[in-house]
Structures are given as C-alpha cells and as structure tokens.
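Only one structure is covered here, and it is reproduced in the block below.
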4 protein chains.
Amino acid sequence: MGAVKSKRVPRAVREQQMLDAAVRTFARRGYRAASMDEIAEAAGVSKPLVYLYLNSKDELFTAVIRRERAALVAAVTAAVEPDAPADRQLWSGLKGFFAHTAEHPDGWAVLHQQARTHGEPFALEVAAMRAEIVEFVTDLIGAAAKEAGCAGELADREVAGLAHAMVGAAESLAEWSNSSEGEGAYGEREHSSAKDTAATLMNLAWAGLGRMTDGERWAPGG
Amino acid sequence: MGAVKSKRVPRAVREQQMLDAAVRTFARRGYRAASMDEIAEAAGVSKPLVYLYLNSKDELFTAVIRRERAALVAAVTAAVEPDAPADRQLWSGLKGFFAHTAEHPDGWAVLHQQARTHGEPFALEVAAMRAEIVEFVTDLIGAAAKEAGCAGELADREVAGLAHAMVGAAESLAEWSNSSEGEGAYGEREHSSAKDTAATLMNLAWAGLGRMTDGERWAPGG
Amino acid sequence: MGAVKSKRVPRAVREQQMLDAAVRTFARRGYRAASMDEIAEAAGVSKPLVYLYLNSKDELFTAVIRRERAALVAAVTAAVEPDAPADRQLWSGLKGFFAHTAEHPDGWAVLHQQARTHGEPFALEVAAMRAEIVEFVTDLIGAAAKEAGCAGELADREVAGLAHAMVGAAESLAEWSNSSEGEGAYGEREHSSAKDTAATLMNLAWAGLGRMTDGERWAPGG
Amino acid sequence: MGAVKSKRVPRAVREQQMLDAAVRTFARRGYRAASMDEIAEAAGVSKPLVYLYLNSKDELFTAVIRRERAALVAAVTAAVEPDAPADRQLWSGLKGFFAHTAEHPDGWAVLHQQARTHGEPFALEVAAMRAEIVEFVTDLIGAAAKEAGCAGELADREVAGLAHAMVGAAESLAEWSNSSEGEGAYGEREHSSAKDTAATLMNLAWAGLGRMTDGERWAPGG
DNA sequence: CATGAATGAGATTTCATTCAT
DNA sequence: AATGAATGAAATCTCATTCAT
C-alpha cells in the first residue's frame, strides 16, 4: 500500500511535501547545515523542483516558519474557551499549546530553536508570533486582576515581565516534556501529558498571580 | 614606542583573545555563518595560529562554550548565600544569573541560542549546565518543602517540572530584560534591573511553590 | 469575444512570433544569458512548444541569425541600382544598409555583436554574410577602376583590404548613428540620417579610391 | 628548463598568470562560456586561489579588460610621433595599433568582441577607450584642416562621423589582417603587415579627408 | 611565535531539455 | 496544437584546513 514513488503530482501537493521534508530537515540539522540536496531527497524530488516552487533556501525556510507559526497559533486559538474565566482560558490555552508542540516536535524545534538563531528576517517572524502569545497572556493577567477586584496596582512593565516569564516557562516545559516522553500508549500518553504539564504551570504560577493582583509582593526577608 | 600591533604574546593570553573574538563572532553570526577567517581577523592574528592553538572550528566552539558555561555557573554560585533560607537562596541566585547574562550578552547568546542549535556535541554541553542549574532549583524546592513542614507529597516528576518551568522563565526574562533595556546610568541600571527581574520571578512563583508544598493544587473549576 | 490569448495559431505564424521574441531577447541579454524560459514567455507560449518548433537553443539562435541575415542582405540588395555607375551603386547600397540597421537595431545587434561572439557555428554564418558584402564592395571597386580607365594596378590583396575597411567603417557608423540618434520626426529623421551617414562615408572614401585606381599612393613624407 | 609546476609563487606573479589565462580563455570561449574552472586550470592553480585574488568572475573580467585596454592605449600612444604633421601622426598611430593587435590577438578579441557584448559595466570600459581613440583621430582631422588652410567648414558632427568611420575601418582591418595571416618568418611578417595595413587605410582615407578640408563634397551625380 | 600561499570538498543556484497528458 | 511537471548537469562561489617558511 502506498505508491513507492509518486510521480506527476499537482503543484500544491508537492509544495506541502517539500515543506514537510524541510521542517524535518531544518529541525534536525539546523538552517545552515541542512542542504537543499538533503531536503529535496527527503521530499522525494529533484533539487531544481524545489527551487522552481520555493525559489531559494531563504524563501523555503520562511515558508516553513510561516506554516508552522500559523499552525501553532491556530491550535492554541482553537483550544481556548473565549468566554470562560481567565484562569480557565489560560489553562485551556496551555493544554492546546503543549498538545500541539508534542504532536509537531519538528515544527516546534524550527520555531523555537532554528528560526531565532539564523538572522533577522526569520527571527522577526517568530518574535511576532511570540508577541502575539505574550499579549494574549498579558490580557489574561489583566482580566484576572479585574475579576479579583484588583485591590492593588499592577504596573505595565510588571505585567509584561510576568507574561514573558509565563511564556518562557511554557516553552521550557514543552521541551522538557517532549524530551522526557515516557512509554505507554501514544495518543493517550500525549494527551494526559499535555494536561499534566499545563497543570504544573498553573500550580506554579496561578497563586502568585492572584497574590499580586491583591497587592501583595514577595520580599527577601518575608 | 608602543607596538602598534602586539607581537610575541604568551600563549595563554593569545588564547583568551581568540576566545573573546570567537564569542563575539559566534554570537552575532551563528556557528555556521561565522568563518574562521572572520574570527582570526577579529582576534588580530592569522588563521594558522588559531588552528595551532585551538585545533579546529569544533574545538574552538567547544572551548568557547566551556568557558562561558564555567563563567555563568561561577557567577550564580558566587551569588547564592549558602546558609540562607531557600527563598533567599533562590532570590540571590536569580540576581546573580540576571546580572551575569546582562553583562555578558554574547556569552549568553552563545550558550542559550547557538550551542543548542548546532548538533549534539555542543547541545550536550549546555544541557549539562542546564541540568546543574535545574538540580540546584530542584534542591531548593525540596528544602522549601522541608522548611514548610511539608504537609503534602511532591512527586519527583512534579518537582522536576516546576524546576524546568522556573529555569525557562528565568531564561525568557533574561532575554526580555536585555532586549528592553531602558536608559539611565549603566552600571546602576543593570544592577537594579537584575534585582527587579529576580523579584518579578519570585513574585510569580514563590507563592505557588508554597501552596504546593502545603498540598494544595490548582483545579479547573476554581 | 476576442480571445485574450490567441490559441491554436498556425505553425508558421507561431514560429515568427518565437523568432521575434528571440531576436529581442538575444539582442538585450546576449546568447548565453538569454534563457529559453524568458524567450518562451516573451513569445507568449510554453517552453515545450518552442522546442517542438525550433528543436534547441542552438537551432533557435541559428534560425534567428539566418532570418536577420536574409533580411539585411535583401534590404541592401533591394536598395542598389544595378545599372548605375559604381559610386552611385555604393551610395545607394550604403543608404539601404544604414536604413535597415536603424530600423532593426535588435536584428543588427544579434548579427554584429552576439553571433560573432559565441563560437564557430554562429560566427561562420555571419562571416559568410560579411563575405557577401565584402565581395559586392570589391566588385564595385573593380568596376570603378575600369570606369576610371585604370591607369594603375590594384593588387587583389589591396582591394580586399579596401573593401574590408569600407565595411568596417560602415558598421562603425551604423552603431554610432544609432546610438547618437537625435530628435525630430522619427521616420523622416531616420531616413535623412541614413542618407547623411552614407554621404559621410562616401566623402571619406571615394576620393581615395579614385586616387588609387589612378595609381597614386599616399606616402609618409607627403 | 622551466619548472613543470611552479609552487609558492608570490601573489603579484600569480595574479598576472591568472590574467594571462583569463585573457586566453575569455577570448576563445566568450565571457559566459568560459568557466572559472577552466581559467583556474589554464593558470595552473586551484579555483579558490583565483577567487582569493580576483574576488569574482566579474572582477576578473574587469581586471582583464583594464589591463588589455591600458596595454593597447600605451602601445598606440608610444607609437605616435607627437610633433609630426597630422598625416604622419595618424600613420604612425595606425602602425602601432595594427602591430599591437597582431601581437595580442586574444587581448584584442576580449576588448573588441567580448567586452562589448556582455553587459553595461564591461561595455562602458571599452566605450571609454574607444572614445579616447576617436577623440585622438578627431583632433588629427582638425589639425589636418588647419594645416590645409581650411578653406571650407567642417561641422562637428561631420568630423565625428569621419573619426568613427576611421576607427571602425581600423578595427575591421585589424581583424581581417589577423585572420588572413600569411606564412613567412613571424616577426618580420607581422611588422610588414602592420605597415601594409596602415598604408591601406591611409590610401583609402587621406585623400578624402583632404578634399573635405578643402570644402569639396562627394555628390550622387558625381 | 607567526604567516602568506594554497587547496579539496561541498554549498546554492540556474539552465537546457524531456515526458505525460 | 499545447502545456504543467520534472530533472541531469554544470556554474559560481565559500570554507575549513594545511604546508613551507
């Protein structure tokens, strides 16, 4: 089952095959070390065809980044429950995030490790995505403050810092949870893993966020 | 008659000059895009001399990683107050971490972005360093639990997750606080910035850690 | 309902369209730099069709050269008054030459610059055309000698040299007069320009030719 | 005698060897068809060394054009007798021109055929050289007019046309005389050939120039 | 201690050309 | 009559690395 080598495939399909191959290759080798030869071979086509459709290594990499970025944002967006309370929204968003990164480790690797490391044009694309996510978290923190009656003030920079910390923590957990994958039935395992990981982060951070919106602060001697 | 170009410099000194140049170049260009030509020129020596002392591009990069890793670990280690309570130790360690990464942005960029992106041998070196730090944080969480009387149980995997989240949050904050550097007198500013950033993270996480050691957990329904 | 893109065009017409596109492209880009892609697009057809009709880039270029060569020779031939005296024939031939090269600059560029520059097969085609023209001029010089009573002897090699000089002068003037085109009504302008340019060359050379057929020679000391 | 393969040669020497090889290769193959591989092999070095010294194919070609241009201009300049009468200056300049192009056919081919055919930057370099020579001839025609008492007027454009015709005739003769090279002792042959060729052109043109400065013109009816 | 001279191997990219429909 | 899909071969250029001095 499955043709050994599919020939004369429509352009749109071939392009996706190429992007698939490119994601795998860029994730494993890095942008510079991945050669167009290797990508073409992984896609099952000749190098000139890759150039005919994607124009250059740069454009290919950009196309990959854009596709993976859109997929990740879509996954998280689809996961959040828009009208739920702030903590519930954060929780469902995190679950979506961890589930997607677990299911698409190569895409996540390209976004998180490769794209940020190889020059402005690519880094900017990812920075924009990260900014989107940071803003989402920032808004949730604001909403949480409102829900809590907001006894104390939360300076803008303070909120921004908290959001960046949250996002960084999530990124780190995604990597850790992917690399320390246990055994067990796959689908099940991943699902529960995404849930557990999201819970870990909620446990760590939610109480602190609540205290801050109440105007309390940690202090060295405290 | 000061020599315009210092010749006949002792080996140890030359090596450090080369490593300095290499850190800068690797940080700015990335591992693959940084050429030995550029590094040699930045170091003010000829290429064969770089090879005589550091043997190959791989070994040069490894030497850079090792030096920067040692410097970062030393900075954090020197910053913590060994016999203080757990929160105080974490706090001082974070201050040390943020101060060092702010003062050595190129070294941090090499460790955080380049080394993890370019293949196993280098990534392992950084993973080891990260493991050191994660373990340090893990121990602190354990100590905090003990100090708190430890009503509930903290599963190992749970603690590990918390530690990874803390480290990821710290990394993200380091990057954010470096790139959003404000104005003001420099030395002063950086110091206070490291303090603020550390406080942000303590505020976010310490309360949650405390609740967990008390056996409480966040749950979707509030 | 005029078709936006004419399809099902008879072969002969399509071939001329392709040759038109090829002349333009070869003239502007040069033989090597002109790609079959570009030519096919300029002709408004697909690449395989160009191959179906013209077989290969070499054959396409050859076809172009042959067509332009024939057109130029036809224009000059049509311009000369066969039974007029030698100087009159030369004069009208030159007018025809300058008028044609001015009206078909791309064709002239291909013949004069590209075809001679890119290897034997093409250069030979143009060399043959040039030989035709040189022979025509050679014959005219012979005729002029006869008309003049031919006091002196004109060695064959001497005549050949004169003919080559005339042709080279004409080629140079064609280029110069095309590139230094003035203003004024176009058709008129070109015509008069061809006439002026022909007159310039007649003025320069005819007296000398007459002297030579009279057996006189220029000598260093005057 | 003659090392089979000279190694470790100083840069200046190697560069000339490379330029020598490049002139030959560009002349025979044309700019595009000449590969850097071929040039490097003809120079007896590896390709990277060519790039190290000459940077790119474009720059290599430019260097070739500049060197050959300077050599040709120097040869002609050295040949003319500055204080002689106009016809004598023209005569000696032509001799120098024909002698140089005969001795350096590849250089001449690069300047005359290749450089003008492959894009603006190169064509401009040769156009500038040609303009130098045309101006020299223009001045000589002006001087001749003065010497002759200059009964009639010579319009600027008329003079320019004459100069361009002269230069074109010389170029054509150079090519013809090179390609129709007879047998016989080499050095001798070439010398006499340059002289003969120069004489041919003087015979053709000098009388006409004289008539024009006297105000006479050729007219169709004779 | 230090370097100018040199190269093997491999990267990206382009192009003329064909096949299947 | 006409084309979208596909490729083998070769071009320019770069880089880590070594020798001879």
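Model, not experiment: these values are computed from the prediction.
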*asked:* I want to check a possible cation-pi pair here: B:K57 against B:Y31, using under 6.0 Å from ring centre and within 45° of the ring axis as the test.
replied: yes

Atom CG of B:L60 and atom C1' of F:dA16 are separated, to the nearest Å, by 12 Å

Per atom distances to the A:Y53 side chain, the nearest of F:dA6, E:dT12, E:dA2 is F:dA6

Would you classify C:A34 as touching base, sugar-phosphate or nothing, given that sugar-phosphate means primed atoms plus P, OP1 and OP2, and contacts are heavy atoms under 4.0 Å? sugar-phosphate

TODO: In sequence, state the C-alpha distance, the side-chain angles, and the governing distance for D:H104 and D:V23, and then conclude on side chain to side chain contact (heavy atoms under 4.5 Å, CB included).
DONE: CA-CA 10 Å; D:H104 304 281; D:V23 174; over 6 Å; no

A:M36 atom CE is separated from F:dA10 atom P, nearest whole Å, by 21 Å

When every non-hydrogen atom of C:A109 is compared with those of C:A27, the smallest separation belongs to CB-CB, 4.1 Å

Considering only heavy side-chain atoms of A:R8, the closest of F:dC13, E:dT13, F:dG4 is F:dG4

Report task. Might you work through the side chain to side chain contact (heavy atoms under 4.5 Å, CB included) test for A:R32 and B:H118, ending with a clear yes or no? Result -> CA-CA 9 Å; A:R32 293 288 300 242; B:H118 296 285; 5.6 Å; no

d(B:I39 CD1, B:D20 CG) to nearest 0.5 Å is 12.0 Å

In whole angstroms, the gap separating C1' of E:dT12 from CD of A:E38 amounts to 15 Å

Against the side chain of B:S46, the closest entry in F:dA2, E:dA2, E:dG8 is E:dA2

Which of E:dA16, E:dA11, F:dT17 is nearest the side chain of A:S35? It is E:dA11

Ranking F:dT7, F:dA16, F:dG4 by distance to the side chain of B:K57, first place goes to F:dA16

Contacts of C:E68 meeting side chain to side chain donor-acceptor pair (under 3.5 Å) (sequence neighbours excluded), chain-then-number -> none

Ranking E:dT12, F:dT3, F:dA5 by distance to the side chain of C:V45, first place goes to F:dT3

Check: So, is C:R32 close to the F:dA11 phosphate, meaning a side-chain N or O under 4.0 Å from OP1 or OP2?
Finding: no

Dot-bracket assigned to DNA chain E with the 3.5 Å Watson-Crick/G-U criterion, [ ] for crossing and | for other-strand pairs, is .||||||||||||||||||||

Atom CG of D:L52 and atom C1' of F:dT18 are separated, to the nearest Å, by 15 Å

| said: Closer than 4.0 angstrom, basic N to acidic O: yes or no for C:E175 and D:R116? | reply: yes

| task | Please work out if D:R11 contacts a base, only the sugar-phosphate, or nothing of the nucleic acid, heavy-atom cut-off 4.0 Å. | result | sugar-phosphate

B:L54 atom CG is separated from F:dA16 atom P, nearest whole Å, by 14 Å

By nearest-nucleotide position on DNA chain E, the 5'-leaning member of B:P10 and C:A33 is B:P10

When rounded to whole Å, the NZ to P distance for the pair D:K47 and E:dA9 reads 12 Å

When every non-hydrogen atom of A:T25 is compared with those of A:A34, the smallest separation belongs to CG2-CB, 3.7 Å

Between OH of C:Y51 and C1' of E:dA16 the distance, given in whole Å, is 4 Å

Atom CG of B:L49 and atom P of F:dT17 are separated, to the nearest Å, by 16 Å

